2 protein chains.
Amino acid sequence: MNVQRSKEKRITIHDIAREIGIAPSSVSKALNNLPTISDRIKVLVRAKAKELNYVHNSGAANLRKGTSQLVGVVVPRINAAFFSDVIAGIEEKCFEYNHRLIICQSDETFVREVQAVETLIQQNVDCILISLSKETKTNLHLKEIVDRNIELIQFDRVDESFKSHIIVNDNEKVALKAVKHLLSQGYKQIAYFGGAEHIPAYKERKKGYLAALKSAGINIPYQHVVDDVSQKERAYITAIELLKGNNPPDAFFTVSDHAALGILSAIKELGLKTPEDVGIVGFANETFTEATCPTLTSIDQQSRKMGLMASDIFFKKFREKEKQPSLRKQETLVIKSTVVIRASSSRKK
Amino acid sequence: MNVQRSKEKRITIHDIAREIGIAPSSVSKALNNLPTISDRIKVLVRAKAKELNYVHNSGAANLRKGTSQLVGVVVPRINAAFFSDVIAGIEEKCFEYNHRLIICQSDETFVREVQAVETLIQQNVDCILISLSKETKTNLHLKEIVDRNIELIQFDRVDESFKSHIIVNDNEKVALKAVKHLLSQGYKQIAYFGGAEHIPAYKERKKGYLAALKSAGINIPYQHVVDDVSQKERAYITAIELLKGNNPPDAFFTVSDHAALGILSAIKELGLKTPEDVGIVGFANETFTEATCPTLTSIDQQSRKMGLMASDIFFKKFREKEKQPSLRKQETLVIKSTVVIRASSSRKK
DNA sequence: ATTAAAATGGAAATCGATTTCCAATATACT
DNA sequence: AGTATATTGGAAATCGATTTCCATTTTAAT
């Protein structure tokens, strides 16, 4: 579909120029406050611009300058709590630096992710912040981005094999800490409910989990380590199975609060109690974690902060480039996440 | 800040034209699949475009065509569950119609809302979807939008006095229904916890609440009808006060689930029980409503659907305009919301 | 007063794609 | 064959702002 807005006529610098009898170029300079224009003219121009209700056309300027002041974001789901918080952070920072934000969602599919990237390139964005979809296993589209000299910043769900700025949580470390916390509460048979296996964030969390058990000298039956059960429903079903089995876990560490919710239902369903019989630790510190019964221990990923810092990489780089255009090192930032201990894992008073 | 991307050189239609020895205009026509170009050339052009890794520059096309295929959204908070769901709906529809989405948040302040609108005008968006901030009491910035022939669609938090497309929930009706539900459960002293008074959505909900009480012939002490307590903290404090007073309510109808959360804490704090002693109905059907203890009765606003329908107004209009450019009637759509009955308000089995 | 230097405003090219004419060629029709 | 009619591709203008010179004017300096 291709649509023509019935546009009367947009006021341009030419209109301003004509009205006060100067050249359009002078108007541009005046509006941009260049030193080569006298204050007298600047005042005139600004007044007339206001009078005519002039609005700068960023698209036109963009074309000429080769810069759009546009930042693109691609996430699996706009309305997942974690991502919407990150986006809020990004937006805040962009606003501070007078940049605009274009947001696309991949819907967890690879095709739409690629399309989103293409779209952002078409829009001539200056920077792309991306968190990969579940399906994404190749990175030609990322290469496409850097090939066109667009800054690329991957966050949370990243492809580590692809060189770019990367910003993630200290997933392994915090997972280790969380599981140690469970151990300290006397839980011994701690099961793991993970996400899609190839996603680094989940791999890391699993590593941390395994490390904690190892350091405690605990052996876990293989059935207790399950991948791809981050959805509530699947977690519920799997938890029921395990708890009914002949070697039931006495605690769950999971990579998502939604999974934790499913586990909680399963526990209640079987007439067990949390935290007395079975402990739970979730991940993401969703709003609902402090509203559940019992309240849920979870991991605060500092999502807003991640958004702030991710975009800050880009803006900082701008400042650097102004001084030193050759600067191009890739940063990898790790955001410290914390275990928020609530009732679901506290059985020692 | 003003930044220059170190751009090697973007491949343009001129490059394609030069390589195969035809005119740039022909390349444009070929890529746009105009009938005035032979298939032979079209094939050549497409092949060469792929070979050179050409990407269309929407900004340039936008400038020439006067259309950006861009849709702007302004919301108080990107990461509030309701808004992020609406945005997800909008994004889905935009994707379907091959439009891009620019998102701004007003942070509930009027200044930033005005800036956001200005920004979107600068970007030459074809349509603006807006939900007003708490502070917004004037509408010059909305006038600004329609004056520039940009489609304006207000949703949820709207200024009814300003003529535009409007899409809202059936707030009054559903509030009435919710309060009647409370009455049916035997609650009599039902308090109201509202939001900022001048926002129509809240006004409507209050109207529905009052209507339900009136139709039941119930008189409510004025202290039980409180505005501007949609935040969790404030709701908590106010609920404690009321419950400790000498005419305590036996139920709360509130315009926000967060307020409901605060009320729930207050009730627990005072050693009372929900739903036995005090009933609660929230609003928005946030994720956590089914995780609380007891689960929270709430109102499902169908936020995603609101997003879909809101943007659809715009796209439908496009189709109409193509046939009949004079068409310009303003639609007001009402989305039916439903009461989701859960434990917090069910004391009759 | 004369020359040099600094300040100020303008003309024109430019960014990349679209679109309006127009010219040239091809096809159809007496 | 000769005229009329389609087809097809190109030249040039255009969208709105920026930017690079360049020309003039003003100020400073001797």
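Only this structure's heavy atoms are used, side chains among them; waters, hydrogens and symmetry mates stay out. Chain A is the first sequence line, chain B the second, and so forth, proteins listed ahead of strands; every chain is numbered from 1. As the structure is a prediction and not an experimental result, all values here were calculated from the model.
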Check this one for me: any side-chain N or O of B:Ser28 less than 4.0 Å away from OP1 or OP2 of C:dT18?
yes
Does the pair A:Glu108/A:Arg157 count as a salt bridge with the N-to-O cut at 4.0 Å?
yes
For the pair made of CG in A:Asn33 and C1' in C:dG9, what is the distance, rounded to whole Å?
16 Å
Whole-Å gap separating C1' (D:dA17) and OH (A:Tyr54):
7 Å
Any side-chain donor near an acceptor of the partner, B:His141 and B:Glu113, under 3.5 Å:
yes
Tell me the interatomic distance from B:Leu63, atom CG, to D:dC15, atom C1', rounded to whole angstroms.
4 Å
Strictly below 4.0 Å, heavy-atom distances to any atom of DNA chain C: list the hits from residues 11-24 of chain B, or just say none.
B:Thr12, B:Ile13, B:His14
note: A:Asn62, atom CG; D:dT19, atom P; distance rounded to Å ~ 12 Å
Euclidean distance, atom CD1 of residue B:Ile37 to atom C1' of D:dG10 [Å, nearest integer]:
9 Å
Does a side chain donor of either B:Asn57 or A:Asn124 reach within less than 3.5 Å of an acceptor in the other side chain?
no
Specify the separation, in whole Å, of atom CG of A:Asp39 and atom C1' of C:dG9.
14 Å
Rounded to the Å, how far apart are A:Gln69 CD and D:dA17 P?
15 Å
Donor + acceptor pair across side chains of B:Ser164, B:Gln154 (<3.5 Å):
yes
State whether A:Lys93 and A:Asp312 are salt-bridged, where the test is any N-O pair (Lys NZ or Arg NE/NH1/NH2 against Asp/Glu carboxylate O) under 4.0 Å.
yes
I want to know whether A:His165 and A:Phe314 have ring centres closer than 6.0 Å.
no
OP1 or OP2 of C:dA17 less than 4.0 angstrom from a side-chain nitrogen or oxygen of B:Asn32, does that happen here?
no
Assign A:Ile41 to base, sugar-phosphate, or nothing according to its heavy-atom contacts below 4.0 angstrom with the strands shown.
sugar-phosphate
Tell me which nucleotide among C:dT18, D:dT18, D:dG9 gets nearest to the side chain of B:His56.
C:dT18
Distances for protein N or O near nucleotides 20-26 of chain C N or O, under 3.5 Å:
{"residue": "C:dT20", "atom": "O4", "partner": "B:Lys29", "partner atom": "NZ", "Å": "3.4"}

Given atom CG of A:Asn57 and atom P of D:dC15, what is their separation to the nearest angstrom?
12 Å
Determine, for A:Arg112 against A:Asp107, whether the closest basic-nitrogen to carboxylate-oxygen distance falls under 4.0 angstrom.
yes
Would you kindly compare A:Gly59 and B:Ser38 by the position of their nearest DNA chain D nucleotide and give the one closer to the 5′ end?
B:Ser38
Looking only at the side chains, is there a donor atom on one of B:Thr136 and B:Ser133 sitting less than 3.5 Å from an acceptor on the other?
yes
I'd like to check the salt bridge (Lys or Arg N to Asp or Glu O under 4.0 Å) partners of B:Lys163; sequence neighbours left out, ordered by chain and number.
none
